[in-house]
Amino acid sequence: MKVLLINKFLHPNGGSETYIFKLGELLEANGHEVQYFGMEHEGRVVGNAVNSYTSDMDFHGGSKLSKLTYPIKTIYSCEAKKKLRLVLDDFKPDVCHLNNFNFQLTPSIILEIVKWRKKANQKCKIIYTAHDYQLVCPNHMCHNPTTHTNCEKCLTGKFGSCFKDKCIHNSSAKSLVGFAEAYFWKKRKVYKYIDHFICCSAFMKAKLDTNPLFSNKTIALHNFIDKAACKDVNKKDYVLYFGRYSKEKGIQTLIDVAKKLPQIPFVLAGTGPLENELDNIPNIQNVGFSSGEALQKLISEARFTVYPSEWYENCPYSVMESQIYGTPIIGADIGGIPELIKENETGELFESGNAEQLYEKILSLWNDTEKLKKYTENCKQAKFITTDEYYKKLFDIYL
């Protein structure tokens, strides 16, 4: 089987890129041909045989001329259709597996796949993995960055709130473009051509199911991660957070709580816009971005980790990674996070954004060695969907 994985970023950038790279490896390991389509970038690590990619779109930089054309290109991309057609004609995929595509690639690529398979008389399924809420929310997060509140106004299919509430980067202009993009493609009913919607959490599925066009095609399927070989590790005296330093991730709430617990050392591994907030806090050590064996060591040796997110997380790898490396977790009860933590077995949940409750949970677990020991042992047995299990389910979807 030939599978074309489509994602706007083809370089390491976030969870969706982690997913497509691992998925590509999984498919190839099972004998399938895999190619990729997305934007060109100096850090690109995967590609296609004809080296056809769209131009890199930098919404935070670029020339004045390019910025003037962005509003049009983010709604409909003739370049993306043309470049994709070169790949389709050459590779002739049996499956086009879409991931994040809005704004940079635009839903116009779906129309091109439909047009190509009709002209080429080619059977080609269109599969989409929902990593965020982009098909039902113009800013992709169901989260208003201006008020820092979660929002479901656009789930009704009326996207005017995006512009009214300046939901994209707190900008009226950008929010207007987001509204126009969502409204345009709703009227075109382009998403009816998607055969299956893979939702990485039951929570995500529930949100997509609010659209009658999607509800009969959605499938809840957590991301895959293989069990690590948990060795006996000498736990060290620190609580770990690893991830992005941004408000929606709950990092400010965690900082405020850490300040009230000077007797507990915190290690934070990551980068982001709130990094300066970590300065001059005696019990917080910021080790910066970490990955690979270095990150695994940080996770394995922590007493426990904290995942304090304040937006509708989907299926964060961080929550699964903590447990497979034998480390309990305190997680916010929001989005798909509760689906990944066995409460009072591998960790605990707290009310998202509730600093007082998070304070109590951290202090209690830090002081309860017996509970920590129990949670740690349970984490060593924690199971999530493995690569083999995921492949079997995915192959049924592809067929």
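Sequence positions, counted from 1, serve as the residue numbers for this chain. The model shown is predicted, which means the values in this text are computed figures rather than measured ones.
By the 6.0 Å contact criterion, CD on E377 is enclosed, its count of non-hydrogen atoms from other residues, nucleotides or ligands being greater than 12. Within a 6.0 Å radius of CG in N280, no more than 12 heavy atoms belonging to other residues, nucleotides or ligands are found. Annotation for K217: atom NZ counts as buried by contact number, over 12 foreign heavy atoms lying within 6.0 Å. The environment of CZ in F289 is sparse: at most 12 heavy-atom neighbours from other residues, nucleotides or ligands sit within 6.0 Å. Heavy-atom contacts from other residues, nucleotides or ligands closer than 6.0 Å to CD of Q263 number more than 12.
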- Item | Test log, rule side-chain contact (heavy atoms from CB on, under 4.5 Å), inputs L365 and K371 | CA-CA 7 Å; L365 191 55; K371 185 182 284 188; 3.8 Å; yes
- Message: I'd like to know whether L135 forms a side-chain contact (heavy atoms from CB on, under 4.5 Å) with Y128, so could you lay out the CA-CA distance, the side-chain angles of the two residues, the decisive distance to 0.1 Å, and finally the verdict.
- Response: CA-CA 11 Å; L135 300 194; Y128 168 68; 3.5 Å; yes
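In this structure, K186 contributes its side chain and G157 its backbone to a donor-acceptor pair below 3.5 Å. A donor-acceptor pair is defined here as one N or O able to donate and one able to accept, closer than 3.5 Å; no such pair exists between the side chain of N170 and the backbone of T146. Under a 3.5 Å cut-off, the side chain of Q296 and the backbone N or O of Y325 do not form any donor-acceptor pair. Counting only distance, with no hydrogens or angles, the side chain of D195 and the backbone of I127 share no donor-acceptor pair below 3.5 Å. With Q285 contributing its side chain and V267 its backbone, the two residues share no donor-acceptor pair below 3.5 Å.
Between F103 and H140, the two ring planes are parallel [angle under 30°; tilted spans 30° to 60°]. Note: Y183 and F179 have parallel aromatic rings, judged against thresholds of 30 and 60 degrees for the angle between ring planes.
A salt bridge does not link E112 with K82: every distance from a Lys NZ or Arg NE/NH1/NH2 to an Asp or Glu carboxylate oxygen is 4.0 Å or more. Ion pairing between K342 and E348 fails under the 4.0 Å rule for side-chain N and carboxylate O. Looking at K374 and E345, no side-chain N of the basic residue comes within less than 4.0 Å of a carboxylate O on the acidic one, giving no salt bridge. Ion pairing between a basic and an acidic side chain is recognised when a charged N comes within 4.0 Å of a carboxylate O; K373 and E370 show no such pairing. Checked for salt-bridge contact, D237 and R303 meet the test: a charged N lies under 4.0 Å from a carboxylate O. Electrostatic pairing of R85 and D89 counts as a salt bridge here, judged by a charged N lying under 4.0 Å from a carboxylate O.
Between T210 and L155, the shortest heavy-atom distance links the atoms OG1-O, 3.7 Å. Heavy-atom minimum distance, P138 versus I168: O-CD1, 3.8 Å. The nearest pair of heavy atoms linking N30 to L26 is ND2-O, 2.9 Å. The two residues C154 and S161 have their closest heavy-atom pair at SG-CB, 4.5 Å. The heavy-atom pair separating E313 from Y133 by the smallest distance is O-OH, 3.9 Å.
By the rule that hydrophobic residues join a cluster once side-chain heavy atoms approach within less than 4.5 Å of another member, V3 and V46 end up as members of one cluster. Taken together through direct or relayed side-chain contacts under 4.5 Å among Ile, Leu, Val, Met, Phe, Trp and Tyr, V95 and I113 form part of one hydrophobic cluster. Side-chain heavy atoms closer than 4.5 Å link hydrophobic residues (I, L, V, M, F, W, Y) into clusters, and following such links, possibly through other members, connects L240 to Y307. Note: the hydrophobic cluster containing I281 also contains Y359 (ILVMFWY, side chain heavy atoms under 4.5 Å, direct or indirect links). Linking Ile, Leu, Val, Met, Phe, Trp and Tyr whenever their side-chain heavy atoms come within less than 4.5 Å leaves I362 and V319 in two separate clusters.
Taking the ring centre of F203 as origin, the terminal cationic atom of K205 falls outside the region bounded by 6.0 Å and 45° from the ring axis. Annotation: cation-pi pair K83/Y53 absent, no NZ/CZ under 6.0 Å from the ring centroid and within 45° of its normal.
To the nearest 0.5 Å, atoms NE2 (H131) and SG (C199) are separated by 11.0 Å. W366 CH2 to Y238 OH: the interatomic distance, rounded to the nearest 0.5 Å, is 10.0 Å. The OG1 atom of T18 sits 9.5 Å away from atom CG of N223, with the distance rounded to the nearest 0.5 Å.
Paired with F224 under the rule ring pair (Phe, Tyr, Trp, His ring centres under 6.0 Å), one option of Y317, F384, Y390 passes, and it is Y390.
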